[in-house]
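For reference, the structure is listed below as structure tokens.
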Number of protein chains: 2
Amino acid sequence: MKQNAVELLRSSNLRQTGPRIAILMAMMKANAPVTQEQIAEQLGPLAPNKTTIYRTLMNLVKKNLVHKAYIEGRTWHFELAHHCGQHQCHPHFTCSQCLQTRCIPGVSAPLIKLPEGFTMHRQQIRIEGLCSVCRNKNRR
Amino acid sequence: MKQNAVELLRSSNLRQTGPRIAILMAMMKANAPVTQEQIAEQLGPLAPNKTTIYRTLMNLVKKNLVHKAYIEGRTWHFELAHHCGQHQCHPHFTCSQCLQTRCIPGVSAPLIKLPEGFTMHRQQIRIEGLCSVCRNKNRR
DNA sequence: TTCTCTTTGCAACTTAGTTGCGATTTTGGG
DNA sequence: CCCAAAATCGCAACTAAGTTGCAAAGAGAA
Ligand SMILES: [Mn+2]
Ligand SMILES: [Mn+2]
Ligand SMILES: [Zn+2]
Ligand SMILES: [Zn+2]
């Protein structure tokens with residue numbers, strides 16, 4: 001898995017540093033978008049500084065290895081780009097009661113037709129609703 | 001137009017106060033989602049306090065008269081709900097160069113099929129790309 | 001190894017949005 | 001119209017995610 005991270009960095013002409021490899025590995029382990037804080041938590045006492053994590057994430061976003069998946073509250077959640085199509089990410093579902101968010105993989109929507117002269121880089125879909133756990137709770 | 005605002009409040013069982021009517025009217029005049037600051041600006045020296053604007057917006061969101069349309073940077077942009085479908089808002093396009101956002105009215109995508117047991121309240125589409133102005137600038 | 005350019009850590013900062021609370025306003029009933 | 005209860009408002013202080021400046025450490029090319 002470390003090899004995998006190293007390869008990603010090399011393919012994007014980014015220097016191979018401890019923080020970058022650790023952050024990429026943390027994101028590979030995750031099965032949902034993660035915040036700066038979750039990355040730091042996962043890496044424990046050896047985690048890079050908060051500033052470094054943010055700067056690294058922004059570099060990875062610029063190279064299109066990572067996407068800003070969504071904001072919840074005031075915090076960004078990032079995920080590896082390797083499960084997203086060229087012009088479209090998979091949708092994300094947020095339960096408006098428990099506020100948990102999960103990926104909805106394997107589906108996509110047709111790309112919206114933009115006005116004349118506009119270019120699409122990426123289309124993202126966000127769904128708000130009630131997850132099954134919360135729905136059952138409300139039943140009573 | 002004031003009548004219109006009053007009617008919205010009455011239909012949602014909200015007390016008719018100066019700040020609420022003013023904020024609704026400001027949003028009716030706008031032709032794109034607005035921030036707290038833009039509302040205050042538009043209302044000039046008579047604008048309600050920042051806290052009141054935020055609290056009002058949240059009340060209106062709770063009553064589904066207003067939607068949180070999108071976040072840009074760290075700031076929420078709100079818009080009246082009356083141009084949105086039951087389960088879907090119109091898409092919003094953000095130019096990744098000039099950072100301007102605009103509504104893409106009149107189009108919609110099929111609703112994503114959720115996992116068993118999940119309920120959809122609202123589906124939102126966000127598009128990132130290059131607007132025509134920025135595209136032409138880059139041509140040179 | 002050495003030199004240069006990039007990256008990192010730390011501490012201080014920024015700022016959109018929130019909170020607590022006392023003062024004011026709305027509204028419904030008498 | 002007048003009053004009291006409950007909702008709303010304004011203000012000042014606060015919160016916390018993310019940013020910035022800068023000096024120290026590290027990566028990679030030669
Ligand atoms: Mn995802
Ligand atoms: Mn809109
Ligand atoms: Zn839930
Ligand atoms: Zn543009």
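In what follows, chains carry the letters A, B, and so on, assigned in the order in which the sequence lines appear, proteins first and then strands, with residues in each chain numbered from 1.
A:Glu37 CD: 12 or fewer foreign heavy atoms inside a 6.0 Å radius. Taking a 6.0 Å sphere around CD of A:Gln100, one finds it holds 12 or fewer heavy atoms contributed by other residues, nucleotides or ligands.
Within residues 49-74 of chain B, the residues having any heavy atom closer than 4.0 Å to DNA chain C are, in order of number, B:Lys50, B:Thr51, B:Tyr54, B:Arg55, B:Met58, B:Arg74. Residues of residues 28-40 of chain A having a heavy atom closer than 4.0 Å to DNA chain C: none are found. Within residues 14-24 of chain B, the residues having any heavy atom under 4.0 Å from DNA chain D are, by residue number, B:Arg15, B:Thr17, B:Pro19, B:Arg20.
Sequence neighbours left out, the pairs with a member in residues 69-87 of chain A that pass side-chain hydrogen bond (donor to acceptor under 3.5 Å, both in side chains) are A:Tyr70-A:His77, A:Glu79-A:His90, A:Glu79-A:His92. Within the structure, no pair that satisfies the salt bridge (charged side-chain N to carboxylate O under 4.0 Å, His left out) test touches residues 58-69 of chain A, not counting sequence neighbours.
Here the CG-CG distance, from A:Leu8 to A:Leu80, works out to 7.5 Å after rounding to the nearest 0.5 Å. Atom CZ in A:Arg126 sits 10.0 Å away from atom CD1 in A:Ile71 (nearest 0.5 Å).
Considering only residues two or more places apart in sequence or on other chains, B:Glu7 meets the side-chain hydrogen bond (donor to acceptor under 3.5 Å, both in side chains) condition with B:Arg10. Scored by the side-chain hydrogen bond (donor to acceptor under 3.5 Å, both in side chains) test, A:Gln97 finds A:Asn138 as partners (sequence neighbours excluded). Residues satisfying the side-chain hydrogen bond (donor to acceptor under 3.5 Å, both in side chains) test with A:Thr17, not counting sequence neighbours, are none.
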* Evaluation steps, side-chain contact (heavy atoms from CB on, under 4.5 Å), between B:Ile127 and B:Thr94 -> CA-CA 6 Å; B:Ile127 297 165; B:Thr94 302; over 6 Å; no
* **Trace of the side-chain contact (heavy atoms from CB on, under 4.5 Å) decision for A:Arg20 with A:Arg15** => CA-CA 9 Å; A:Arg20 281 177 182 163; A:Arg15 292 194 171 182; 3.8 Å; yes
* side-chain contact (heavy atoms from CB on, under 4.5 Å) assessment of B:Met27 paired with B:Phe78 -> CA-CA 8 Å; B:Met27 296 186 78; B:Phe78 299 84; 3.7 Å; yes
* To do: Please step through side-chain contact (heavy atoms from CB on, under 4.5 Å) for the pair A:Val133 and A:Cys98, ending with a clear verdict.
  => CA-CA 9 Å; A:Val133 175; A:Cys98 65; over 6 Å; no
Just distance, no hydrogens or angles: give the donor-acceptor pairs under 3.5 Å from side chains in residues 39-51 of chain A, sequence neighbours left out.
{"unit_1": "A:Gln42", "atom_1": "NE2", "unit_2": "A:Ala26", "atom_2": "O", "d": "3.3"}
{"unit_1": "A:Asn49", "atom_1": "OD1", "unit_2": "A:Thr51", "atom_2": "N", "d": "2.7"}
{"unit_1": "A:Asn49", "atom_1": "OD1", "unit_2": "A:Thr51", "atom_2": "OG1", "d": "3.1"}

Show me the donor-acceptor pairs within less than 3.5 Å that the side chains of residues 105-122 of chain B make with the rest of the protein, sequence neighbours left out.
none

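Scanning DNA chain D 5' to 3' for nucleotides with an atom closer than 4.0 angstrom to a non-hydrogen atom of chain A gives a first and last hit of D:dA17 to D:dG28. A 4.0 Å heavy-atom criterion places the boundary nucleotides of DNA chain C facing chain B at C:dA16 to C:dT27, written 5' to 3'.
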